[in-house]
S.K.: 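One structure follows; several queries about it will come next.
Everything quoted here is computed from the prediction, not taken from an experiment. Residue indices begin at 1 and follow the sequence shown.
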Amino acid sequence: MSRPTGIPLSVLDVVPVFEGGSATQALRDTVALAPRVEELGYLRYWVAEHHSTPSLATSAPGILAGRLAAATTTLRVGSGGVLLPNHAPLVVAEQFGTLEALHPGRVDLGLGRAPGTDPHTARALRRAPEGGADDFAGQVAELNGYFAPGDPASPITAVPAADGRPDLWLLGSSPASAELAASLGLPYAFAHQINPHATTYALDRYRQSFRPSAYLDRPRTLISALVTVADSDRAAREVAAPYLLGKIQMRTVRRFDAFPSARSAAAYTYAEPELQFLEELAERQLIGAPDTVRDKLAELVARTGADELMALTVVPDQADRLRSFELLAHAAQEVRPGSAEGVSARL
């Protein structure tokens with residue numbers, strides 16, 4: 001069932017593990033969810049990369065993307081993203097070239113530069129001593145080169161990458177990543193859930209600096225944001241509470257085995273600074289009743305000119321999660337994609 005016209009919607013999944021659950025069940029829930037959002041007309045389903053993080057079961061995005069592709073028929077699947085400095089570009093090209101060969105025209109390769117983990121695990125991933133991200137642009141260029149017809153002078157061929165190229169996206173949460181995406185002529189995905197203060201400026205810089213490439217002739221953007229939709233604003237905040245409490249714990253404990261359960265979140269007594277943190281976080285994201293989220297989304301798209309919204313919905317109950325995606329699909333029908341020309345006019 002295709003979704004009525006409106007801004008294109010997609011899903012970003014970190015495969016969250018909640019108290020009382022397991023990584024195995026979280027992965028199975030993700031595979032079960034993908035065909036349901038496909039029925040709702042969502043465009044793509046990306047999975048993140050994290051390591052040594054028991055609350056996030058997304059250590060192997062390439063493998064999971066392949067399983068999601070097998071469970072669906074039209075949904076684009078991919079990474080949001082592969083953290084390229086953790087990997088040899090050749091290996092990534094081989095993996096995603098294989099995915100593209102098996103599911104042609106349905107694979108996205110989103111690329112990020114963060115470690116996605118703590119420094120000890122980053123070293124175990126064989127990153128360079130300084131984090132391995134200084135030559136990120138060179139790594140992206142090397143990776144992209146493997147998807148082109150082979151150079152007769154090169155002793156290396158990424159099989160079967162040269163047979164088909166997935167859509168490459170650059171991911172980021174800063175103006176620097178936006179300018180890199182623009183210089184390479186790649187589409188750009190901005191993590192509004194990480195750095196909402198920089199969203200508008202980063203997308204403006206991307207459009208101002210964009211250079212057409214063989215793969216993209218004009219700027220193309222999406223915004224990922226924290227999204228939780230329920231029947232009322234209060235209900236949405238209650239559904240989102242376990243993840244929001246988890247964000248507080250990330251800031252204090254730094255590491256925990258799982259996100260709190262709904263019961264633990266309901267029983268928790270928040271200090272005043274914590275309440276202020278939650279209020280500021282929720283205000284900048286898309287949490288609320290359908291009308292509230294529609295209005296917030298319309299304002300965000302008008303301000304940033306985003307072409308697509310990617311929803312990060314982190315809630316413990318699978319039914320609540322699917323319900324949020326259903327309500328979002330209806331709420332977004334009246335919101336049109338951003339216009340690069342319209343945004344440029346106000347720069």
S.K.: Could you go step by step and tell me if Q25 and R28 meet the side chain to side chain donor-acceptor pair (under 3.5 Å) rule?
M.R.: CA-CA 5 Å; Q25 188 57 53; R28 291 172 178 170; 4.8 Å; no
S.K.: Under 3.5 Å, side chain of K296 to main-chain N/O of G288, donor-acceptor pair present?
M.R.: no
S.K.: Checking side-chain polar atoms at under 3.5 Å, does D108 have a donor or acceptor matched by the opposite partner on W46?
M.R.: yes
S.K.: With L84, which of L109, L171, V92 fulfils side chain to side chain contact (heavy atoms under 4.5 Å, CB included)?
M.R.: V92
S.K.: Test your reading of the model: is there a side-chain donor-acceptor pair from E19 to the backbone of P260, 3.5 Å cut-off?
M.R.: no
S.K.: Counting only N and O atoms by type, is there a donor-acceptor contact under 3.5 Å from the side chain of D233 to the main-chain atoms of A289?
M.R.: yes
S.K.: Distance-only, no hydrogens or angles: does the R76 side chain make a donor-acceptor pair with backbone N or O of G105 under 3.5 Å?
M.R.: yes
S.K.: For T221 and F190: C-alpha separation, side-chain torsions, deciding distance, then whether side chain to side chain contact (heavy atoms under 4.5 Å, CB included) applies.
M.R.: CA-CA 8 Å; T221 61; F190 185 85; over 6 Å; no
S.K.: Answer yes or no: is there a donor N or O on one side and an acceptor on the other, between the side chain of S209 and the main chain of Y206, under 3.5 Å?
M.R.: no
S.K.: Anything under 30° is parallel, anything over 60° is perpendicular, the rest tilted; go ahead and classify F259 against Y243.
M.R.: tilted
S.K.: Can you tell if the side chain of L322 reaches within under 4.5 Å of the side chain of L40, non-hydrogen atoms only?
M.R.: yes
S.K.: Check whether I248 and V17 end up in the same hydrophobic cluster, where Ile, Leu, Val, Met, Phe, Trp and Tyr are linked by side-chain heavy atoms less than 4.5 Å apart.
M.R.: no
S.K.: Side-chain heavy atoms under 4.5 angstrom apart, residues restricted to Ile, Leu, Val, Met, Phe, Trp, Tyr: same cluster for V314 and V239?
M.R.: no
S.K.: For the backbone of R44 and the side chain of S10, can you confirm whether one donor and one acceptor N or O come within less than 3.5 Å of each other?
M.R.: yes
S.K.: Got H103 and V77 here, is their nearest side-chain heavy-atom distance under 4.5 Å?
M.R.: no
S.K.: Hey, does the side chain of T304 reach the backbone of L300 with a donor-acceptor pair shorter than 3.5 angstrom?
M.R.: yes
S.K.: I'd like to know if the side chain of T199 and the backbone of H192 have a donor-acceptor N/O pair within less than 3.5 Å.
M.R.: no
S.K.: Treating R234 as the side-chain partner and D231 as the backbone partner, does any N or O pair qualify as donor plus acceptor under 3.5 Å?
M.R.: no
S.K.: What are the two closest heavy atoms between P16 and R321, and how far apart are they?
M.R.: CD-NH2, 4.3 Å
S.K.: Check for me whether R220 meets the cation-pi criterion with Y188, that is, NZ or CZ under 6.0 Å from the six-membered ring centre and within 45 degrees of the ring axis.
M.R.: no
S.K.: Pair D291, R294 - check salt bridge (charged side-chain N to carboxylate O under 4.0 Å, His left out), show working.
M.R.: CA-CA 5 Å; D291 288 350; R294 179 201 62 210; 3.3 Å; yes
